[in-house]
Protein chains: 2
Amino acid sequence: MNHTSSLSLKEKINRLFFLSTPSLDLLLAEAQLISVPKGSLLLKERQTCRSIYFIERGQLRTYYNKNGKDININFYFENNFATNLKSLIEESPSAFYIEAMEHTRLWKFDKEQLLRLYGQSKEIESFGRRLLEKLLVKQEEHSNIFKLYSPKERYHYIAKHYPHLLQRVSLSQLSSYLGISRETISRIRRSSVTSGEWSVMNARW
Amino acid sequence: MNHTSSLSLKEKINRLFFLSTPSLDLLLAEAQLISVPKGSLLLKERQTCRSIYFIERGQLRTYYNKNGKDININFYFENNFATNLKSLIEESPSAFYIEAMEHTRLWKFDKEQLLRLYGQSKEIESFGRRLLEKLLVKQEEHSNIFKLYSPKERYHYIAKHYPHLLQRVSLSQLSSYLGISRETISRIRRSSVTSGEWSVMNARW
DNA sequence: TCACACCTGAGACAAAAAACACAAAAGAAA
DNA sequence: TTTCTTTTGTGTTTTTTGTCTCAGGTGTGA
């Protein structure tokens, strides 16, 4: 049980971005609560992304389709924002899908509305900037684990820093996300249970 | 020869972000032109990054030091902004270095000044947001080539979409950036010259 | 001109990971 | 429960990539 699950959207956003009450009200007046079943697509390949989603309950994934196979780009859980930023920003056709991995309840913010709000309220534009900042820092970190770490190290990095990923995402789904074959992850997992190799991840960066 | 090299900073920024003249003047009044020799470090590991740099002439790289070896994260050329966003945003110690790869002339914008300007001018905060957007889209793209492509495909992707990287960065420097050993890149290069394998990169995403 | 540093190419070998095939286990649905 | 589907584990083989090594090339500066 997530202890914030009983908080209102207003309280959640406020915890993340410290907006004044009037700005918050302005922002949230535009948000639309929707509920989608497992497997539904919030964005398809070639569509232009027009919204950003805040997950109330459930989980989403973004994935490419490469020669018929799914390549997972990202997983999103409760109290996080999800979207295709490239498509949203550039108003270009999306290269990937956004899918609900389970029954998911989420708040939808439309870009058009947000841009209008940016014009009305400096504080909301500042919120937009800070939201981007957070997404960027996360993105950067994820990008770097591929350069810095071997497959084995990548798995351990995730296990250490994002253990909930291993809890909520199947190994098969994880494999494309980490750029490691399913079988290899299975072997990595076994070897780290049997032998006590837990010192690998001491490197700090 | 870059045809924009004779443009003023004002004209360059304006081309990228379409700011009004008053806002541009406000923004550029704070910029400081500095010149650094090859090998100098604009940011060291453990330092907190306080500036963002716009490259007038020359090139920068960002890199981690992993067990004594350099792992390149990014290369930056003329008319681009460079910084360590994580450190800058979070005011946290940097995990990596920023180094001038050749004698470089650049404009320095301090975070403190920028934040002050954000408060003064909505248009400048909007500029800040749009700058982040551009950086984010780039970052996302780079991150995804690791998940989507094998080493061989990564090299070809760069060769096709960022040929200037191959021109200006040595293969040795490139190797850690692509997460491929120098020798393997050398082999990839050889095999793609001899055999006519140029259809690999037709996949669009 | 001569070191010196740095970069590239190439071969031999080792290590890692992927591919393939199939079995076992775990969940979901009837 | 039983059946059906999905997920995970494991053994073998094949491919890819890394490591180590040396040789040759290039540019720089003393």
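From a predicted model like this one, the values you see are computed outputs, not experimental measurements. Labels below follow one simple rule: chain letters A, B, ... track the order of the sequence lines, proteins then strands, and each chain is numbered from 1.
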Starting at atom CG of B/Asn67, determine the distance to atom P of D/dG18, rounded to an integer number of angstrom. 17 Å

Mind checking what makes side chain to side chain contact (heavy atoms under 4.5 Å, CB included) contact with A/Ile89, not counting sequence neighbours? A/Leu85, B/Glu133, B/Val137

Going by number, which of residues 163-178 of chain A have a non-hydrogen atom under 4.0 Å from DNA chain D? A/Ser170, A/Leu171, A/Ser172

With sequence neighbours left out, the residues meeting side chain to side chain contact (heavy atoms under 4.5 Å, CB included) with B/Arg168 are B/Gln59, B/Phe77, B/Glu78, B/Glu102

For DNA chain D, which consecutive runs of 3 or more Watson-Crick or G-U pairs (each distance under 3.5 Å) count as stems? C:1-30 with D:1-30

Could you list the donor-acceptor pairs under 3.5 angstrom formed by side chains in residues 32-44 of chain B, with sequence neighbours left out?
{"unit_1": "B/Ser40", "atom_1": "OG", "unit_2": "B/Pro37", "atom_2": "O", "d": "2.4"}

First-last contacting nucleotides on DNA chain C - partner chain B, under 4.0 angstrom, heavy atom: C/dC7 to C/dA12

Of B/Thr83, B/Asn84, B/Asp110, the one forming a side-chain hydrogen bond (donor to acceptor under 3.5 Å, both in side chains) with B/Ser51 is B/Asp110

Round to the nearest Å and state the distance from B/Lys152 atom NZ to D/dT15 atom P. 12 Å

NZ/NE/NH1/NH2 to OD/OE distance under 4.0 Å, A/Arg61 and A/Glu99: yes

Could I get the full list of salt bridge (Lys or Arg N to Asp or Glu O under 4.0 Å) partners for B/Glu30, not counting sequence neighbours? B/Arg116

Residues two or more places apart in sequence or in another chain: which of them pass side chain to side chain donor-acceptor pair (under 3.5 Å) with A/Arg130? A/Ser126

Assign a letter to each nucleotide of nucleotides 20-30 of chain D from its 5' end: B, base within under 4.0 Å of a protein heavy atom; S, sugar-phosphate only; -, no contact. BB---------

Mind checking side chain to side chain donor-acceptor pair (under 3.5 Å) for A/Tyr118 and listing every partner two or more places apart, or none if nothing turns up? none

Do A/Phe96 and A/Tyr63 have ring centroids that are under 6.0 Å from one another? no

Taking salt bridge (Lys or Arg N to Asp or Glu O under 4.0 Å) as the test, write out the residues that go with B/Glu123, two or more places apart. none

Is there side-chain contact between B/Arg57 and B/His103, with heavy atoms separated by less than 4.5 Å? no

In chain order, what residues pass the ring-ring contact (aromatic ring centres under 6.0 Å, His included) check against A/Tyr177, with sequence neighbours excluded? A/Phe75, A/His142

Length of the CZ-C1' vector between B/Arg189 and D/dT17, whole Å: 17 Å

Do A/Lys134 and A/Phe17 meet the cation-pi criteria used here (NZ or CZ under 6.0 Å from the six-membered ring centre, within 45° of the axis)? yes

